[in-house]
Engineer: 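One structure, as structure tokens, below. Some questions next.
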Protein chains: 2
Amino acid sequence: MDKKENSETINPLIDGHLHYLHNVSVDNVIFGYHEKELKVLLQRPQGMAKWQLPGGYIKRTETIGEAARRIAEARTGLTELYLEQFRSFGTPRRTEDEDFTPELLSKVSGFKVPADFWMFDYFVSVGFYTLTEFSRVKPNGDFYMEECEWWPVSELPEMVFDHLEMIKEALKTLRVHIYHHPIGYELLPEKFTLQDIHALYETILDRKLDSRNFTKKLLTTGIIIKLGEQKKMKGHRYPFLYMFDKDKYENALKEMMVLVV
Amino acid sequence: MDKKENSETINPLIDGHLHYLHNVSVDNVIFGYHEKELKVLLQRPQGMAKWQLPGGYIKRTETIGEAARRIAEARTGLTELYLEQFRSFGTPRRTEDEDFTPELLSKVSGFKVPADFWMFDYFVSVGFYTLTEFSRVKPNGDFYMEECEWWPVSELPEMVFDHLEMIKEALKTLRVHIYHHPIGYELLPEKFTLQDIHALYETILDRKLDSRNFTKKLLTTGIIIKLGEQKKMKGHRYPFLYMFDKDKYENALKEMMVLVV
DNA sequence: TCAATAGTGTCTCTTAGACAATATCGC
DNA sequence: GCGATATTGTCTAAGAGACACTATTGA
């Protein structure tokens, strides 16, 4: 446990209102990719039927980005996540939900939670998204979380509040993003095959990409470099390994280059 | 005064804490364009030397978008503004400023403002931007505003808090935006000349665009349509008038078309 | 006819996008 | 040799981008 974990001595139900900002929170859409599957990390609190995004409150001493990171790290165990803010959500009754009531909270926590408890107030939520290899992640719940799991983006469970809309919005942002940023850089191993990166893009964009044109584009822009090595596999020809060219990729960002067609 | 103006019976210094959300606010970057000039609408509160963005608090009964619109309408008098959220800003000490203190607020307002007044708390601000014809706008201040004026984006005055960063960020978003949205639609008169739209794009992007290629692109994509009419002007050939093709333009949005090169 | 601005056409070069045959591996 | 997957080249059409001359108007 590092120093950040001191924060966990705050019990939101007892002294949360003193340490956290009111009326504003963060929610993370944590995308996980692994072998042609795109998933989202969701949690289900004790006593609730619906799932939710890993989100939380902002401490008075931290930035919104730090809050998002703290929460994302707690759920994934990963410290190198690249979080990107995508939008804020603010509608007066957005957090009213039959699955989020004083009665339920009281029952689960053992504390007497009043109806006008600060948590039931109007909260504006700042949305962040990130993308990681989901095989590296062991989803961590906490005391209040009954489950914490990866869900395929194509088969999401029923969600509380406006969290489904948030996921859709984050996915839209990710898909626009992928045209201008070498997403794979954060996601693929240092050395990867053409099939790896090809499958990644096809999965995220949810459409077929011609492998000849895709390869051609990545190579002529110089974003990736072919290495001498090949990956040993069984039963067929060995694929070559590639890596990103960091300089070219920084440049691509600046010039608003379109990376995939 | 329409019904919305009832809200103005809230005096932020007296009962603001009851009607507004705490720890979260909105700020608007209102861009104004007119004859090759791009400006931003700024205000300077009484007793302060620095300028600020027209921003404010969010009522418990409105969405963040409605709050942004209410504030933008109050300053511009325009009701048809298209506001776009671009980013939220949240850093613990972002609103600490020598120009924003209890003493100063007390002096200006005549109320005794305590040091721990809610307004001095950590506020996360949701940033919106919009773009309008600035000749249509008569900047309106209010009781607390000593000045409310248009400033050229290239010569901004000293600004309070992180508002300069917000403007830069909004401008960056606008410039990316202009590649994928027919910005002029919100901004130019229904019928306009090629020079009008050409100058608009050059001004916003702050660079020269070859008029032949620019015209060609707009016409071959079909985004704009040439009308039979010409605009009567003195001393030289009459320019033709054009208008946007709404269908083509909706399509351009969907297909992520690049509108200007 | 002059001053001022409007309006256009051509050429080159790059690249998007469609398309399928050949090469290597283990067995 | 077979099954499986990897790798790669060509063609066409569209468009980006460079470039400068002619047309209209009022005075």
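Each chain gets a letter, A, B and so on, in the order its sequence line appears, and its residues count up from 1.
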Engineer: Measure the acute angle between the ring planes of B/H177 and B/Y129, then classify it against the limits of 30° and 60° as parallel, tilted or perpendicular.
Structural biologist: perpendicular

Engineer: Using a cut-off of 4.0 Å on non-hydrogen atoms, how would the nucleic acid contact of B/K232 be classed: base, sugar-phosphate, or nothing?
Structural biologist: nothing

Engineer: Which heavy atom in B/T173 sits nearest to a heavy atom in B/F86, and how many Å separate them?
Structural biologist: OG1-CB, 3.8 Å

Engineer: Would the distance check show the side chain of B/R44 and the main-chain N or O of B/E146 forming a donor-acceptor pair, the cut-off being under 3.5 Å?
Structural biologist: no

Engineer: Could you check how far CZ of B/R237 sits from C1' of D/dT22, rounded to whole Å?
Structural biologist: 8 Å

Engineer: Given that B/S211 and A/Y238 both sit by DNA chain D, which one's nearest nucleotide is further toward the 5' end?
Structural biologist: A/Y238

Engineer: Starting at CZ of B/F240 and ending at P of C/dT5, how long is that distance when rounded to a whole Å?
Structural biologist: 19 Å

Engineer: Report the distance from atom CD of B/Q230 to atom P of D/dG26, rounded to the nearest whole Å.
Structural biologist: 11 Å

Engineer: Could you check how far CE of A/M233 sits from C1' of D/dG3, rounded to whole Å?
Structural biologist: 15 Å

Engineer: Expressed in angstrom and rounded to an integer, what is the separation of B/H198 atom NE2 from C/dT8 atom P?
Structural biologist: 15 Å

Engineer: Is B/Q195 near enough to C/dT5 that one of its side-chain N or O atoms lies under 4.0 angstrom from OP1 or OP2?
Structural biologist: no

Engineer: Measure CD1/A/I224 against C1'/D/dT8 and give the value in whole Å, please.
Structural biologist: 14 Å

Engineer: Of A/H236 and A/K216, whose nearest nucleotide on DNA chain D comes first from the 5' end?
Structural biologist: A/H236

Engineer: Parallel, tilted or perpendicular for A/F244 and A/Y249, by the 30°/60° rule?
Structural biologist: tilted

Engineer: Figure out the CG/C1' separation between B/L241 and C/dA6, and round it to whole Å.
Structural biologist: 13 Å

Engineer: How many Å lie between CG on A/N213 and P on C/dA20, as a whole number?
Structural biologist: 13 Å

Engineer: Classify the side-chain pair B/Q195/B/T193 by whether it contains a donor and acceptor separated by less than 3.5 Å.
Structural biologist: no

Engineer: Is it the case that D/dT5 (base atoms only) and A/K234 (side chain only) share a donor and an acceptor within less than 3.5 Å, ignoring hydrogens and angles?
Structural biologist: no

Engineer: Can you find an N or O donor on one side and an acceptor on the other, under 3.5 Å apart, linking the side chain of A/K226 with the base of D/dT7?
Structural biologist: no

